[in-house]
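Structure first, then comments.
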2 protein chains.
Amino acid sequence: MNNARFPISLHILTLLAKEDGALLSSDYIAGSININPVLVRKEISNLRNHGMVESKEGKNGGATLAKPAAAILLSDVYHAVQQTSLLGNSRNHPNPDCPVGKQINQHLDELYKDIEGALLRKLEGVTLADFANKF
Amino acid sequence: MNNARFPISLHILTLLAKEDGALLSSDYIAGSININPVLVRKEISNLRNHGMVESKEGKNGGATLAKPAAAILLSDVYHAVQQTSLLGNSRNHPNPDCPVGKQINQHLDELYKDIEGALLRKLEGVTLADFANKF
DNA sequence: TCATTCTGTAATTCTATTTATTACAGTACA
DNA sequence: TGTACTGTAATAAATAGAATTACAGAATGA
């Protein structure tokens with residue numbers, strides 16, 4: 001994964017976990033991560049769609065956790081931001097006339113599913129509360 | 001990971017494993033993957049630096065495995081191409097005046113090391129021969 | 001009521017990264 | 001000695017990521 005969505009989402013969630021209950025504005029959060037507030041609002045929108053965050057519009061609005069930090073697994077965060085396959089895919093279609101080219105994507109997918117499973121088992125073992133308590 | 005270096009390298013190695021001993025040209029390999037031959041030569045150069053491939057210049061030249069496919073682990077391939085951290089890092093420095101911002105990278109690194117370990121244990125369990133035998 | 005301060009989201013621009021292409025020197029072979 | 005390769009640098013094109021601008025709409029409270 002080359003983009004920063006996982007660390008950004010985890011950073012947001014960690015801030016929310018530390019400020020238990022208080023509403024944090026996208027400007028404040030963006031200042032901690034040092035990115036643009038619009039990106040923060042986009043990620044919050046995504047986390048909200050995945051049930052981890054709720055937010056309030058208008059003056060004094062902001063975001064807060066939608067459930068206890070102990071009930072959010074890092075695997076939930078992974079699923080919320082994951083878009084590309086773990087170890088990458090060629091964007092061109094391999095040659096269907098080549099015995100290897102014809103089947104490589106299928107075998108890569110199986111391999112990826114396998115190693116992603118191992119990764120997920122690790123992430124399932126850590127809650128947001130565990131992570132936030134390190135700070 | 002967003003670039004295609006892992007699947008490209010694995011595709012190259014699989015072709016070489018299937019053609020046990022024969023020299024394959026970068027043009028032939030590029031035709032199977034459907035990418036530019038110069039990219040293939042670059043990846044082969046990298047795999048050669050990591051002791052997995054050897055190649056011969058000049059007419060009728062090409063590449064071949066430097067050791068038996070059973071002696072190449074997929075974790076070797078991962079190490080050879082891995083450049084960015086598994087789940088990404090924000091490229092901006094987080095705010096050092098924020099308690100979370102100040103420590104987030106350190107804690108992310110620990111987490112990444114942990115899950116990368118799980119991933120590597122999976123990849124260590126598969127040899128190139130195992131993978132190529134599926135075709 | 002209405003100015004203020006937020007969110008939500010779309011559209012655009014800017015920048016970085018990735019891939020493709022061009023070019024060519026050097027090597028091996030027949 | 002021409003041909004068919006590799007190796008590598010340089011550049012260009014394409015794609016993806018992030019920042020910015022813009023603005024409608026919601027909640028607040030003076």
Side-chain angles (χ1 to χ4, degrees), chain A residues 1-9 11-12 15-16 19 22-50 53-66 81-85 87-94, chain B residues 1-9 11-12 15-16 19 22-50 53-66 81-85 87-94:
Chain A
M1 202 170 303
N2 207 7
N3 68 22
R5 291 188 60 197
F6 181 83
I8 287 172
S9 283
H11 195 144
I12 293 170
L15 288 169
L16 298 180
E19 303 289 333
L23 291 170
L24 297 185
S25 75
S26 61
D27 255 48
Y28 174 83
I29 295 170
S32 171
I33 309 180
N34 192 18
I35 60 171
N36 194 284
V38 175
L39 244 193
V40 172
R41 296 203 285 272
K42 269 187 197 159
E43 282 311 317
I44 284 176
S45 164
N46 181 55
L47 292 168
R48 189 173 52 239
N49 291 337
H50 285 83
V53 159
E54 51 196 34
S55 52
K56 195 182 154 203
E57 296 186 24
K59 193 171 181 178
N60 301 326
T64 187
L65 292 183
V81 302
Q82 187 258 6
Q83 28 185 8
T84 59
S85 70
L87 298 183
N89 279 118
S90 179
R91 44 190 186 209
N92 304 336
H93 296 296
Chain B
M1 205 169 305
N2 208 7
N3 67 24
R5 293 189 59 196
F6 181 84
I8 287 172
S9 283
H11 195 144
I12 292 170
L15 288 169
L16 298 181
E19 302 290 334
L23 290 170
L24 298 184
S25 74
S26 61
D27 255 48
Y28 174 84
I29 295 171
S32 171
I33 309 181
N34 193 19
I35 59 171
N36 194 284
V38 175
L39 244 193
V40 172
R41 296 204 285 273
K42 268 187 195 159
E43 282 311 317
I44 284 176
S45 165
N46 180 54
L47 292 168
R48 189 173 52 240
N49 291 336
H50 285 84
V53 159
E54 51 196 35
S55 52
K56 194 182 155 202
E57 296 186 25
K59 192 169 182 181
N60 302 326
T64 186
L65 293 183
V81 303
Q82 187 257 6
Q83 26 185 8
T84 58
S85 71
L87 298 182
N89 280 118
S90 179
R91 45 191 184 205
N92 305 336
H93 295 296

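Residue numbers begin at 1 in each chain, while the letters A, B, ... track the order of the sequences.
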Can you tell me how far the [atom1] atom of [X] sits from the [atom2] atom of [Y], to the nearest 0.5 Å?
X	Y	atom1	atom2	result
B:S45	B:H50	OG	NE2	10.5 Å
B:E19	B:L24	CD	CG	5.0 Å
B:E43	B:S26	CD	OG	12.5 Å

For [X] and [N], what is the distance between atoms [atom1] and [atom2] respectively, to the nearest whole Å?
X	N	atom1	atom2	value
B:N89	D:dA18	CG	C1'	16 Å
B:E54	D:dC5	CD	C1'	17 Å
A:L23	D:dA26	CG	C1'	14 Å
B:N92	D:dG17	CG	P	15 Å
A:Q83	D:dA18	CD	C1'	13 Å
A:I8	D:dA18	CD1	C1'	9 Å
B:L24	D:dC5	CG	C1'	13 Å
A:N36	C:dC14	CG	C1'	12 Å

Between protein and nucleotides 28-30 of chain D, what N or O pairs are separated by less than 3.5 Å?
{"unit_1": "D:dT28", "atom_1": "OP1", "unit_2": "A:K56", "atom_2": "NZ", "d": "2.7"}

What nucleic acid atoms does A:D27 come within less than 4.0 Å of, heavy atoms only: base, sugar-phosphate, or nothing? nothing

Residue pair [X] / [Y]: nearest heavy atoms and the distance that separates them:
X	Y	value
A:N34	B:P94	CB-CA, 4.3 Å
B:G88	A:P7	O-CG, 3.2 Å
A:A4	B:N89	CB-O, 3.6 Å
B:I12	B:I29	CG1-CG2, 3.7 Å
A:N60	A:L23	O-CD1, 3.6 Å

Which nucleotide wins on minimum distance to the side chain of A:S26, given the candidates C:dA20, C:dT7, C:dT17? C:dT7

Of B:A63 and B:R91, the one whose closest nucleotide on DNA chain D sits nearer the 5' end is B:A63

Between B:E54 and B:R48, does any side-chain N to carboxylate O distance fall below 4.0 Å? no

Hey, can you pull the residues of residues 38-50 of chain B with a non-hydrogen atom under 4.0 angstrom from DNA chain D? B:V38, B:R41, B:S45, B:R48

